[in-house]
Amino acid sequence: MNSELLHLARIMPKAELHLHIEGSLEPEMVFKLARRNQIKLTYATVEELKAAYSFNNLQEFLDVYYAGMSVLLTEDDFYDLTWAYLKKVHDEGVVHVEIFFDPQAHLERGVPLGIQLAGIQGALEAGKATLGISYRLILSFLRHLSEASALETLELARHHLDRLDGFGLDSSETGHPPEKFARVFAECKKLGKPITVHAGEEGPPEYVWQALDLLKVDRIDHGNRAMEDEELVERLVKEGKTLTVCPLSNLSLAVVEDLQKHPLVEMLNKGLKVTLNSDDPAYFGGYLLANYQAVIENLPLTRDHLHQLARNAFEGAWISEAEKQKHLADVDAVFS
Ligand code: HPA
Ligand code: ZN
């Protein structure tokens with residue numbers, strides 16, 4: 001049974017909706033870019049850096065994640081990072097990606113938004129042309145920074161709206177509820193772009209309610225803790241709200257104790273529109289296919305569950321109805 005599901009997971013067309021491009025920065029590339037940019041790292045070897053990839057919670061990860069991305073300085077750096085991600089997932093059968101980037105983290109190091117975008121989008125366009133991977137690019141605000149900083153970043157973003165497909169909210173969740181950014185996302189809404197925010201990863205169900213009611217989100221990133229609130233689950237099901245769940249991330253950040261206790265199957269059985277994603281694959285031990293493999297091997301996932309996951313990813317994607325129907329037909333053909 002497992003071998004059939006593993007085979008289907010490999011060959012089915014896949015979409016990834018929750019990927020931080022900076023979280024795809026592999027240790028080897030950290031060293032390569034540090035050399036190229038003459039940056040001195042606090043780690044002497046790739047092995048030493050990898051040894052730091054052991055986290056007890058979200059914040060411990062974020063400290064390493066922000067330190068790692070400090071080597072990204074030039075357009076070429078952002079291009080190489082994004083291209084490496086696209087090549088990897090292309091080999092796994094990924095045909096559509098919706099990726100986050102964290103502009104404030106790079107602005108703090110003096111990298112202009114235009115440089116970040118030129119590199120990331122340049123690679124995304126090359127991926128579309130040569131690998132056939134379609135994409136959306138999502139500007140994510142850092143919630144541990146102030147509302148004023150997010151508003152300043154949004155002012156910069158107004159010069160690049162043709163290159164931005166949506167807005168997100170990530171970083172340290174606890175103590176930084178969605179309501180802190182209600183005015184920021186009201187401005188984003190006025191721009192007519194979709195919104196997705198991290199909520200219910202470490203934060204309480206209340207943060208998911210706020211994301212829905214105050215930020216008027218189109219998707220929820222993670223959303224695991226919504227399962228603690230039955231009324232909230234009913235609301236998410238009724239609205240068909242997509243949740244971008246990340247099992248290997250959840251395991252690495254101790255959101256779940258072990259994969260056998262991951263709520264994915266319960267979430268699917270309740271009718272939640274759950275999708276599978278890798279979040280920060282260079283740090284959490286695997287790209288999108290590895291996340292599918294991990295849930296197949298650790299949970300009582302059926303063929304129908306897998307089919308549903310594959311469909312949910314395209315249904316929740318920010319693409320045209322015609323594109324959706326094409327991808328869904330391709331998925332159904334694999335499962336027919
Ligand atoms: N949660 C919050 N912020 C993040 C994450 C995450 O999983 N990954 C990168 N930034
Ligand atoms: Zn994330």
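Counting starts at 1 for both ligands and their atoms, following the listed order. In this text, all values refer to a predicted model and were calculated from it rather than measured experimentally.
Ligand 1 lies within reach of Phe61, whose nearest heavy atom is under 4.0 Å from it. At least one heavy atom of Leu62 sits under 4.0 Å from some atom of ligand 1.
Residue His20 has at least one N or O atom closer than 3.5 Å to an N or O atom of ligand 1. Considering backbone and side-chain N/O atoms, His222 comes within less than 3.5 Å of an N/O atom of ligand 1. The shortest N or O to N or O distance between Ser171 and ligand 1 is under 3.5 Å.
The proximity of Leu58 to ligand 1, defined as any non-hydrogen pair under 4.0 Å, is limited to the side chain. By the criterion of a heavy-atom distance under 4.0 Å, the side chain of Glu201, and not its backbone, is placed next to ligand 1.
Considering just the N/O/S atoms of His198, the one nearest the Zn ion (ligand 2) carries the name NE2. Distances from the Zn ion (ligand 2) to each N, O or S atom of Asp279 single out OD1 as the nearest.
Taking backbone and side chain together, His18 holds an N, O or S atom under 2.8 Å from the Zn ion (ligand 2).
In the model, Asp170 has a side-chain atom that pairs as donor or acceptor with a side-chain atom of His20 under 3.5 Å. For Asp304 and Gln308, the side-chain atoms include no donor-acceptor pair closer than 3.5 Å.
For the side-chain contact (heavy atoms from CB on, under 4.5 Å) test with Leu113, the passing option among Val111, Ile115, Leu117 is Leu117; the others fail.
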Exercise. Are Asp218 and Trp318 close enough, and set up right, to give a side chain to side chain donor-acceptor pair (under 3.5 Å), and what steps lead you there?
Worked result: CA-CA 9 Å; Asp218 296 274; Trp318 295 338; 5.6 Å; no
Exercise. Do Thr130 and Trp83 pass the side chain to side chain contact (heavy atoms under 4.5 Å, CB included) test, and can you show the C-alpha distance, the side-chain angles, and the key distance before you say yes or no?
Worked result: CA-CA 11 Å; Thr130 66; Trp83 181 247; 3.4 Å; yes
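Hydrophobic clustering (ILVMFWY, side-chain heavy atoms < 4.5 Å, transitive): Leu86 and Ile319 are in distinct clusters.
Contact annotation: the side chain of Asp80 approaches that of Arg36 to within less than 4.5 Å [non-hydrogen atoms, C-beta and beyond].
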